[in-house]
Enquirer: 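Mind having a look at this structure? Questions to follow.
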Amino acid sequence: YRVIVEPDTAKCPSGYCNFYKREIAVNPNLFSELSAKDQYQLTKAILVHEAGHRRFTTPNKLSPLIHHIANILEDERIERQMCLEFSGVRWLVKMLAHELYKESGEIDESSDSPCQVVAYFLQLRWAKRLDKPVKGKLSPKNQDLWEKIEPLVYEAWDAESTELVDKNAKRIAHILEFKEFELPQWVKEILSKLGSLEGERRE
């Protein structure tokens, strides 16, 4: 695969792994508000993340709603796999977790929207890596939903394949009874930084 550092946002707004073009790319200006040193290291961290998709993800066609949930679960799975296989990248993955945790908003205890549960397990993955608490709390109703899907989330994080992640994402969507998928703004902004997957693996 070609690895591209592309500062033009028209060509690469954040980062991506393209299975058709056999390319991994990242925009080095994603963290422009930070020092040059931190920008440099976090650019490498995003490349580690995208390389993790190239190495461990098998993209499947899913509905947009299921895709969002699956991608959040898959992001943690591939980062764990990269840390297991390449111990030298662990500090970069942890640095990225620290930055994204810092940018995370609070879980809204006053909302019963199931999207708050998705936001919860997105932030939970960084909180666990950093040994920090999740910001905010789930409503009582959403706490009950979380207890039902919690085993599915942890199973997906440690899954050997993308197929199990996709299967669990479908079960999670069913349990949460999603009708629409309106994520909090801070979740959308963070997910955009983690890039996109394009195409399918070839033989």
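Note that the coordinates shown come from a computational prediction; the quantities given were computed from them, not determined experimentally.
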Enquirer: Does any part of the side chain of R129, heavy atoms only, come nearer than 4.5 Å to the side chain of Y101, both counted from C-beta?
Expert: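 Answer no - side chains too far apart.
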Enquirer: Rounded to the nearest 0.5 Å, how far does CD1 of I78 lie from NE2 of H49?
Expert: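 H49 NE2 to I78 CD1: 4.5 Å, rounded to 0.5 Å.
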Enquirer: Is there a side-chain contact between R77 and W157, using heavy atoms and a 4.5 Å cut-off?
Expert: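 R77 does not reach W157 side chain to side chain.
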Enquirer: Is there a path of hydrophobic side-chain contacts, each under 4.5 Å between heavy atoms of I/L/V/M/F/W/Y residues, joining L164 to L197?
Expert: no
Enquirer: Within this structure, what is the CG-CG distance for the pair L73 and D166, rounded to the nearest 0.5 Å?
Expert: 9.0 Å
Enquirer: Which pair of heavy atoms, one from S14 and one from S192, lies closest together, and at what distance?
Expert: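 Taking every non-hydrogen atom into account, OG-O, 2.7 Å.
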Enquirer: Which heavy-atom pair separates L34 from L42 by the least distance, and what is that distance?
Expert: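 Nearest pair, atom of L34 first, then L42: CD1-CD1, 3.4 Å.
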Enquirer: Is there a continuous path of hydrophobic side-chain contacts, each under 4.5 Å between heavy atoms, that joins W91 to Y40?
Expert: no
Enquirer: So, for T162 and T57, which heavy atoms are closest and what is the spacing to 0.1 Å?
Expert: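 For T162 versus T57, the nearest heavy atoms are OG1-CA, 3.4 Å.
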Enquirer: Taking atom CD of E155 and atom CG of N168, what is their separation to the nearest 0.5 Å?
Expert: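 Result: 4.5 Å between the selected atoms.
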Enquirer: Check whether any side-chain heavy atom of N71 lies under 4.5 Å from a side-chain heavy atom of V165, and answer yes or no.
Expert: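 No - every pair of side-chain heavy atoms lies 4.5 Å or more apart.
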Enquirer: Apply side-chain contact (heavy atoms from CB on, under 4.5 Å) to K135 and I107, showing your working.
Expert: CA-CA 6 Å; K135 302 174 189 177; I107 307 303; 5.9 Å; no
Enquirer: With sequence neighbours excluded, tell me which residues meet side chain to side chain donor-acceptor pair (under 3.5 Å) with Y154.
Expert: E150
Enquirer: Salt bridge between R80 and D158, side-chain N to carboxylate O under 4.0 Å?
Expert: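 Salt bridge between R80 and D158, a charged N being under 4.0 Å from a carboxylate O: yes.
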Enquirer: Where the side chain of D112 meets the backbone of K141, is there a donor-acceptor pair that is under 3.5 Å apart?
Expert: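 Answer holds: no.
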Enquirer: Should side-chain heavy atoms under 4.5 Å link Ile, Leu, Val, Met, Phe, Trp and Tyr, which residues sit in the same cluster as I4?
Expert: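 Y16, listed by chain and number.
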Enquirer: Charged N to carboxylate O under 4.0 angstrom, K193 versus E103?
Expert: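 Counted as a salt bridge, because a side-chain N and a carboxylate O are separated by less than 4.0 Å.
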Enquirer: About how many Å separate CG of D8 and CG of N29, when rounded to the nearest 0.5 Å?
Expert: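 Taking CG in N29 and CG in D8, the distance rounds to 10.0 Å.
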Enquirer: Would you compute the distance between atom SG of C115 and atom CG of D108 and round it to the nearest 0.5 angstrom?
Expert: 12.0 Å
Enquirer: Please say which of K94, R125, R55 ends up in a salt bridge (charged side-chain N to carboxylate O under 4.0 Å, His left out) with E79.
Expert: R125
Enquirer: Quick one: does K170's side chain get under 4.5 Å of L62's, heavy atoms only?
Expert: yes
Enquirer: Measure from the side-chain N and O atoms of S87 to the backbone N and O of C83, and report whether any donor-acceptor pair falls under 3.5 Å.
Expert: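 Side chain of S87 to backbone of C83: no pair is present.
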Enquirer: Taking C-beta and beyond as the side chain, do W146 and V153 meet within less than 4.5 Å on heavy atoms?
Expert: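 Result yes, sub-4.5 Å side-chain heavy-atom pair found.
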Enquirer: Taking all non-hydrogen atoms of both residues into account, name the closest pair between E50 and G195 and its distance.
Expert: OE2-CA, 3.7 Å
Enquirer: Test Q123 against V134 for side-chain contact (heavy atoms from CB on, under 4.5 Å), laying out the working first.
Expert: CA-CA 6 Å; Q123 191 181 131; V134 173; 3.6 Å; yes
Enquirer: Let me see the working for E33 and Q39 under side-chain contact (heavy atoms from CB on, under 4.5 Å), right down to the final yes or no.
Expert: CA-CA 8 Å; E33 71 283 0; Q39 287 182 65; over 6 Å; no
Enquirer: So, for A173 and L65, which heavy atoms are closest and what is the spacing to 0.1 Å?
Expert: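 The pair with the smallest heavy-atom distance is CB-CD2, 3.8 Å.
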Enquirer: Would you check if F121 and I149 make a side-chain contact, meaning some heavy-atom pair closer than 4.5 Å?
Expert: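 F121 vs I149: side chains touch.
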Enquirer: Tell me, do L191 and L183 make a side-chain contact under 4.5 Å, heavy atoms counted?
Expert: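 Counting from C-beta outward, L191 and L183 do come under 4.5 Å.
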Enquirer: Can you tell if the side chain of E198 reaches within under 4.5 Å of the side chain of Y20, non-hydrogen atoms only?
Expert: no
Enquirer: Quick one: closest heavy-atom pair of S111 and Q116, and the distance?
Expert: OG-CG, 3.7 Å
Enquirer: Could you give me the CA-CA distance, side-chain angles and deciding distance for R2 and I24, then say whether side-chain contact (heavy atoms from CB on, under 4.5 Å) is met?
Expert: CA-CA 6 Å; R2 290 196 307 159; I24 293 169; over 6 Å; no
